[in-house]
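Down below is the structure, laid out as structure tokens.
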Amino acid sequence: MDTTAGTHITRRTTDDSHDRRTFETEVIAAAIIVWFRENGRDLPWRRPGFTAWGTLVSEFMLQQTPVNRVIPHLEAWLDRWPSPVELAAEPPASAVRAWASLGYPRRALWLHAAAVEITERHGGTVPEDVGALLALSGVGDYTARAVAAFAYGHRHPVVDTNTRRVIARAVDGQGEPGPPSRRDLTAMEAILPRGVVEARTFNAGIMELGAIVCTARAPRCQECPIREACAWRAQGYPPYLGARKPTQKKYEGSDRQVRGLIMRELRSTHRPVTDTEIEQLWPDAVQRDRALTGLLGDGLAIATVDGYTLPS
DNA sequence: CAAACGTGGAC
DNA sequence: TGTCCAAGTTT
């Protein structure tokens, strides 16, 4: 927190001992809301009339995949499957094919499974309740709250990598957030505006701020609406000394790459892929078998007498 | 809790 | 060229 001004105000706005709202955090929230209304991107899931199902699909696709790569696949997906009922009526293979090269194809399988669960347990309507959302396949803390908040307007803290980074910098004065923790949720809750409308806009706005201004690399502080209130800036941008996320392993030559090659082959045809064809994909038999066994275990590949297929 | 899980663009 | 990063979830 900024301690440079002798007039710094720390009045609490509630008796809740977990509430970290102060004059400073309320200024930050208000500035983000105003900034977002002016500067938020025109994205499909922000269009009026965008459905809860559309929101759920978009959140699945946005898990670790950049916005620009998601948009065309999202629109094609929703044209084909306007509600979970239509998707649930198709085999998982259709979902995995439509997922194409978005990456992490288990998400396609989970999204299909979630569509079946929504159809069977919720009459084909995406649930509003965070608990019910969390019970769906592939839906975790982030996605459940994002759907409840953005599709249904409920007041929930939405925590993702962007909100964690903005709070780490602006509020905590750290250049990077620490490892993800349940405390992130309470930290976000603690500064979330009380009003339903304000909370919804703040959730979207702080994510947007982290995505296009307060970025991981080369943040554009001169364009930041909360630069005057930013604790990290006030302290002279001290370097981050805490635990770093482990460096990502090399993709070239990894099991992930082999899985990706096999999945690409399975998606490319409606006929079973033979052992011989699988062998052409990667020279190392041990690694190849490990990848294939993993895919079978994940349910992304099915063994038949004629070879391997997507799950039907 | 750490590790696994795809893919492609940016610097 | 190699590293970093992207609206996470699961085991």
Side-chain angles (χ1 to χ4, degrees), chain A residues 36 40-41 43-46 50 54-74 96 99-111 113-114 133-151 156-166 176-185 188 203-212 214-220 240 243-267 287 290-291 293-295 297-301:
Chain A
F36 179 66
R41 292 168 292 180
L43 298 171
W45 44 92
R46 294 178 185 160
F50 199 71
T55 301
L56 182 67
V57 174
S58 73
E59 296 301 349
F60 264 86
M61 290 185 172
L62 288 164
Q63 293 169 7
Q64 302 290 279
T65 300
V67 166
N68 290 335
R69 250 185 342 131
V70 161
I71 289 174
H73 288 91
L74 173 67
V96 175
W99 200 259
S101 61
L102 280 176
Y104 291 149
R106 291 187 297 183
R107 290 181 295 165
L109 222 46
W110 290 331
L111 179 53
L133 286 161
L134 280 171
L136 298 173
S137 297
V139 174
D141 282 333
Y142 165 74
T143 302
R145 288 175 177 78
V147 170
F150 298 138
H156 291 291
V158 179
V159 172
D160 78 334
T161 188
N162 292 306
T163 69
R164 296 196 324 107
R165 184 172 54 250
V166 173
E176 299 175 26
S181 150
R182 295 295 297 188
R183 289 173 180 266
D184 300 332
L185 205 56
M188 182 69 178
N203 273 321
I206 193 170
M207 287 176 63
E208 186 78 341
L209 186 65
I212 67 181
C214 192
T215 50
R217 271 186 308 186
R220 304 156 74 176
Y240 178 69
R244 310 293 296 269
K245 60 183 79 171
T247 60
Q248 197 168 354
K249 285 182 180 168
K250 182 158 61 175
Y251 181 68
E252 278 297 315
S254 67
D255 286 2
R256 285 185 189 180
Q257 184 184 21
V258 184
R259 286 172 58 108
L261 290 170
I262 296 172
M263 287 306 299
R264 188 173 66 181
E265 187 71 16
L266 292 176
R267 286 195 309 266
Q287 196 176 18
R290 195 164 57 222
T293 299
L295 292 171
D298 290 340
L300 282 165

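Chain A is the first sequence line, chain B the second, and so forth, proteins listed ahead of strands; every chain is numbered from 1.
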Subject >> salt bridge (Lys or Arg N to Asp or Glu O under 4.0 Å) pairs, two or more places apart, involving residues 134-148 of chain A >> reply: A/Asp141-A/Arg145, A/Asp141-A/Arg182
Original post:
What nucleic acid atoms does A/Thr143 come within less than 4.0 Å of, heavy atoms only: base, sugar-phosphate, or nothing?
Top reply: sugar-phosphate
**OP:** Using whole Å, report how far CE of A/Met207 lies from P of C/dA6.
**Re:** 12 Å
**OP:** Would you classify A/Arg145 as touching base, sugar-phosphate or nothing, given that sugar-phosphate means primed atoms plus P, OP1 and OP2, and contacts are heavy atoms under 4.0 Å?
**Re:** nothing
Original post:
When you check the side-chain N and O atoms of A/Tyr142 and A/Gln63, is any donor under 3.5 Å from an acceptor?
Top reply: no
Original post:
How is A/Ser58 classified with respect to the nucleic acid when contacts are heavy atoms under 4.0 Å: base, sugar-phosphate, or nothing?
Top reply: nothing
Original post:
When we call it a touch if two heavy atoms are under 4.0 Å apart, what does A/Trp45 touch: a base, just sugar-phosphate, or nothing?
Top reply: base
Original post:
Under 3.5 Å, side chain of A/Arg107 to main-chain N/O of A/Met61, donor-acceptor pair present?
Top reply: yes
Original post:
Just checking A/Val139: base, sugar-phosphate only, or nothing, at a heavy-atom cut-off of under 4.0 Å?
Top reply: sugar-phosphate
**OP:** Mind calculating the distance between CD (A/Glu59) and P (C/dA6) to the nearest angstrom?
**Re:** 16 Å
**OP:** Scan A/Ala146 against the nucleic acid and name what it touches under 4.0 Å (heavy atoms): base, sugar-phosphate only, or nothing.
**Re:** nothing
Original post:
With a non-hydrogen cut-off below 4.0 angstrom, is A/Ile206 in contact with a base, only sugar-phosphate, or nothing?
Top reply: nothing
Subject >> Check: A/Val147 main-chain N/O paired with A/Glu59 side-chain donor or acceptor under 3.5 Å >> reply: no
Subject >> Nearest-Å distance for atom pair CG/C1', residues A/Leu62 and C/dT9 >> reply: 15 Å
**OP:** State whether the number of non-hydrogen atoms from other residues, nucleotides or ligands found under 6.0 Å of A/Arg46 atom CZ is greater than 12.
**Re:** yes
Any N/O pairs under 3.5 Å between the protein and nucleotides 6-10 of chain B? List them or say none.
unit_1	atom_1	unit_2	atom_2	d
B/dG6	OP1	A/Pro105	N	3.4
B/dG6	OP2	A/Arg259	NE	2.2
B/dG6	OP2	A/Arg259	NH2	3.1
B/dG6	O4'	A/Tyr104	N	2.9
B/dG6	N7	A/Tyr104	OH	3.4
B/dG6	O6	A/Tyr104	OH	3.1
B/dG6	N1	A/Gln64	O	3.3
B/dG6	N2	A/Gln64	O	3.1
B/dG6	N2	A/Thr65	OG1	2.9
B/dG6	N2	A/Leu102	O	3.3
B/dT7	OP2	A/Tyr251	OH	3.0
B/dT7	O2	A/Arg69	NH2	2.8

Subject >> Heavy-atom check, side chain of A/Arg259 versus side chain of A/Asp298, under 4.5 Å >> reply: yes
Original post:
Is A/Arg69 reaching over with its side chain to a backbone N or O of A/Ser101, donor-acceptor style, under 3.5 angstrom?
Top reply: yes
Original post:
Are A/Lys249 and B/dA3 close enough that a side-chain N or O sits under 4.0 Å from OP1 or OP2?
Top reply: no
